[in-house]
Amino acid sequence: MRPPVIFQTTPSSSSSDRRLNTLAKHFLETDSDNNRNVMSAAPTASHGDSVFAHLVRAPEDPILGVTLAYNKDPSPVKLNLGVGAYRTEEGKPLVLNVVRRVEQQLVNDLARNKEYLPITGVAEFNKLSAQLIFGADSPAIREGRVTTVQCLSGTGSLRVGGEFLAKHYHQRTIYLPQPTWGNHPKVFTLAGLTVKTYRYYAPATRGLDFQGLIEDLGAAPSGSVVLLHACAHNPTGVDPTPEQWEEIRKLIRSKALLPFFDSAYQGFASGSLDKDAQPVRSFVADGGELLMAQSYAKNMGLYGERVGALSIVCKSADVASKVESQLKLVIRPMYSSPPIHGATIVAAVLKDSNLFNEWTIELKGMADRIISMRQQLFDALRARGTPGDWSHIIKQIGMFTFTGLNSEQVSFMTKEYHIYMTSDGRISMAGLSAKTVPHLADAIHAAVTKAV
């Protein structure tokens with residue numbers, strides 16, 4: 001019987017040799033009956049079963065599941081109002097003209113390469129992103145109190161911020177509005193934070209539960225983190241008024257709570273970049289600290305490029321520098337460094353006045369079309385005499401409307417009218433067009449008057 005071949009190690013052997021030797025010892029054994037080396041089966045994989053056979057099938061993501069169901073429906077009148085992405089009047093995805101122009105410039109620039117970015121991403125993108133949300137004349141930026149790192153869109157920015165807080169902040173509880181984007185609780189829980197909620201939406205009025213919000217944040221322990229939607233709250237489309245924002249700011253600062261803003265819709269809500277950033281800027285103006293997650297998915301149409309930024313406003317430039325050093329330690333083992341293409345597009349648009357102006361015109365065009373869809377749907381429901389007060393449709397703002405329809409009514413609309421949305425009654429106004437508004441209005445009217 002010939003012994004199995006094992007990689008021999010000596011005091012001078014490399015660590016890789018030693019690892020190979022260990023692996024060889026683990027996997028090889030001698031078969032004394034037929035003098036052959038055989039591979040030893042792992043005990044947990046006996047009888048041909050997978051080591052993952054014990055897993056149960058996970059449920060579909062509520063939002064992505066809507067799209068899957070829509071794709072399987074052969075109906076020619078089907079309508080998908082679940083996806084959080086802009087659509088043209090023809091129901092097609094939109095690539096902004098300014099984005100196409102910049103991409104062509106990048107393709108023609110033969111000096112460009114595909115080398116790794118630094119851990120923190122494209123430096124110019126980070127600088128310009130901070131200026132976009134905080135204002136080019138922001139004292140915090142001028143004093144060097146802001147550190148910004150490029151992340152994987154808004155989701156990645158939230159996750160990096162959450163893990164940073166779990167490692168370095170004394171309070172590990174974060175309060176989320178109820179309701180909020182479905183991914184928020186998962187992101188922060190997996191980041192290591194304890195998730196609690198504060199009242200936000202009032203179903204009876206389909207507006208803001210301002211009193212409940214103030215009471216819940218007032219009862220939160222000092223130092224708690226509070227997630228705030230910068231504008232165009234998802235999923236409700238309900239935002240505080242400027243006066244309410246000021247009361248929220250005063251309460252948060254008086255309680256020494258730490259605000260964490262999620263800005264996914266700057267400029268996409270009202271059509272004005274500055275107006276949509278005003279609540280955030282008021283928090284920066286008071287000299288306090290905060291976290292800010294930005295996404296360029298909606299406002300520049302860069303959904304699949306995964307372009308975002310995390311900014312942390314600190315008390316001093318020295319603290320900001322230390323914060324950045326620790327953010328690098330969060331990012332490095334997570335995804336090492338961010339992608340180059342999308343951030344380069346954003347930086348090119350933000351730094352060139354002509355491209356920037358062209359972008360703001362296209363951005364306002366998207367926002368105005370959504371506002372128009374709100375008015376058309378409201379008018380169509382009123383014309384049909386649909387029971388109930390539907391004025392919340394034109395009072396809410398941004399991509400989504402919280403219709404107030406219940407899950408049974410939603411199911412009825414899907415079955416009878418082939419209209420797809422999340423079971424909580426949230427619809428994407430960006431998925432509507434002048435052609436499809438009557439179909440949706442008919443479905444809502446039938447659901448309200450006929451559905452059990």
Side-chain angles (χ1 to χ4, degrees), residues 63 66-67 69-70 73 75-94 179 201-208 231-239 265 268-271 276 298 363-451:
I63 297 173
V66 169
T67 299
Y70 167 83
D73 188 340
S75 172
V77 298
K78 66 181 181 179
L79 183 60
N80 186 2
L81 300 179
V83 65
Y86 184 81
R87 294 291 181 264
T88 65
E89 184 67 21
E90 295 72 38
K92 303 295 184 183
L94 176 67
Y201 179 72
T205 63
R206 296 173 186 174
L208 182 67
C231 65
H233 180 274
N234 178 5
T236 69
V238 174
D239 285 354
Y265 303 97
F268 200 86
S270 69
D276 290 348
K298 273 74 175 181
L363 177 57
K364 190 172 190 307
M366 290 191 288
D368 286 349
R369 197 186 84 76
I370 291 174
I371 293 170
S372 172
M373 290 303 101
R374 289 183 177 279
Q375 188 66 52
Q376 289 184 42
L377 179 58
F378 172 73
D379 291 343
L381 290 171
R382 188 169 57 177
R384 284 160 177 75
T386 306
D389 177 8
W390 298 94
S391 62
H392 59 282
I393 293 175
I394 53 177
K395 291 177 182 175
Q396 294 171 5
I397 191 170
M399 179 174 282
F400 301 109
T401 284
F402 225 39
T403 60
L405 297 168
N406 59 43
S407 59
E408 290 80 10
Q409 292 168 330
V410 169
S411 296
F412 171 85
M413 291 169 61
T414 301
K415 181 180 178 182
E416 301 296 331
Y417 288 84
H418 305 275
I419 293 175
Y420 292 82
M421 67 183 81
T422 52
S423 61
D424 59 6
R426 186 197 79 166
I427 62 174
S428 173
M429 300 305 298
L432 275 178
S433 67
K435 180 181 177 181
T436 56
V437 162
H439 181 55
L440 175 61
D442 287 343
I444 293 176
H445 183 82
V448 171
T449 57
K450 300 176 185 177

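Sequence positions, counted from 1, serve as the residue numbers for this chain.
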Results of salt bridge (charged side-chain N to carboxylate O under 4.0 Å, His left out) for Glu89 - residues two or more places apart only = Arg369
Report yes or no: do Asp239 and His233 form a side-chain donor-acceptor pair below 3.5 Å?
-> no
For Ser423, which residues count as a side-chain hydrogen bond (donor to acceptor under 3.5 Å, both in side chains) partner, sequence neighbours excluded?
-> none
From Thr449 atom OG1 to Ile444 atom CD1, the distance as rounded to the nearest 0.5 Å | 11.5 Å
Residues in side-chain hydrogen bond (donor to acceptor under 3.5 Å, both in side chains) with Asp368, at least two apart?
-> Lys364
Give the minimum heavy-atom separation between Leu79 and Gly431, together with the two atoms involved.
-> CD1-O, 3.8 Å
What heavy-atom pair brings Gln396 and Val238 nearest, and what distance separates the two atoms?
-> CG-CG2, 3.9 Å
Contact summary for Asp276 and Ser270, nearest pair of heavy atoms = OD1-OG, 2.8 Å
Sequence neighbours excluded, which residues qualify as side-chain contact (heavy atoms from CB on, under 4.5 Å) partners of Lys92?
-> Thr88, Glu90
Tell me, please, which residues at least two apart from Ala430 pass side-chain contact (heavy atoms from CB on, under 4.5 Å).
-> Tyr86, Ile370, Met399, Ser428
Mind running side chain to side chain donor-acceptor pair (under 3.5 Å) on Arg87 and Asn80 for me, showing each step along the way?
-> CA-CA 11 Å; Arg87 294 291 181 264; Asn80 186 2; over 6 Å; no
Test ring-ring contact (aromatic ring centres under 6.0 Å, His included) applied to Phe268 - qualifying residues, sequence neighbours left out | none
Report the residues that fulfil side-chain hydrogen bond (donor to acceptor under 3.5 Å, both in side chains) with Thr414, sequence neighbours left out, ordered by chain and then residue number.
-> none
Tell me, please, whether Phe402 has Arg426 positioned over its six-membered ring: NZ or CZ under 6.0 Å from the ring centre and within 45 degrees of its axis?
-> no
For His392, what residues pass the ring-ring contact (aromatic ring centres under 6.0 Å, His included) criterion, not counting sequence neighbours?
-> Trp390
Run the side chain to side chain contact (heavy atoms under 4.5 Å, CB included) check on Ile427 and Ile419 step by step: do they pass?
-> CA-CA 10 Å; Ile427 62 174; Ile419 293 175; over 6 Å; no
Any donor-acceptor pair under 3.5 Å from Lys298 side chain to Tyr265 backbone = no
Which value, rounded to the nearest 0.5 Å, describes the distance between Ile397 atom CD1 and Cys231 atom SG?
-> 7.0 Å
Would you say Arg384's side chain and Ala380's backbone share a donor-acceptor pair under 3.5 angstrom?
-> yes
Non-neighbouring partners of His439 that pass ring-ring contact (aromatic ring centres under 6.0 Å, His included), sequence neighbours left out = Tyr417
Candidate pair Met413 and Met421, rule side chain to side chain contact (heavy atoms under 4.5 Å, CB included), full reasoning | CA-CA 9 Å; Met413 291 169 61; Met421 67 183 81; 3.4 Å; yes
Look up atom OG1 in Thr236 and atom CZ in Phe400, then write down how far apart they are to the nearest 0.5 Å.
-> 11.0 Å
Relative to Tyr70, does Lys78 satisfy both conditions: NZ or CZ under 6.0 angstrom from the six-membered ring centre, and within 45 degrees of the ring's axis?
-> yes
Atom OH in Tyr420, atom OG in Ser75: separation rounded to 0.5 Å?
-> 7.5 Å
Atom CE in Met429, atom CG in Leu377: separation rounded to 0.5 Å?
-> 5.0 Å
List the steps and the verdict of side chain to side chain contact (heavy atoms under 4.5 Å, CB included) for Ile393 and Arg206.
-> CA-CA 9 Å; Ile393 293 175; Arg206 296 173 186 174; over 6 Å; no
For Ser372, all residues meeting side-chain contact (heavy atoms from CB on, under 4.5 Å), sequence neighbours excluded | Gln376
For Ser391, enumerate each residue passing the side-chain contact (heavy atoms from CB on, under 4.5 Å) test, keeping only those at least two apart in sequence or located in another chain.
-> Phe378, Asp389, Lys395
Polar side-chain atom of Thr436 near backbone of Leu432 as donor-acceptor pair, under 3.5 Å | no
Take Val410 and Asn406 through the test side chain to side chain contact (heavy atoms under 4.5 Å, CB included) and record every step on the way to the result.
-> CA-CA 6 Å; Val410 169; Asn406 59 43; over 6 Å; no
side-chain hydrogen bond (donor to acceptor under 3.5 Å, both in side chains) partners for Thr403, two or more places apart = none
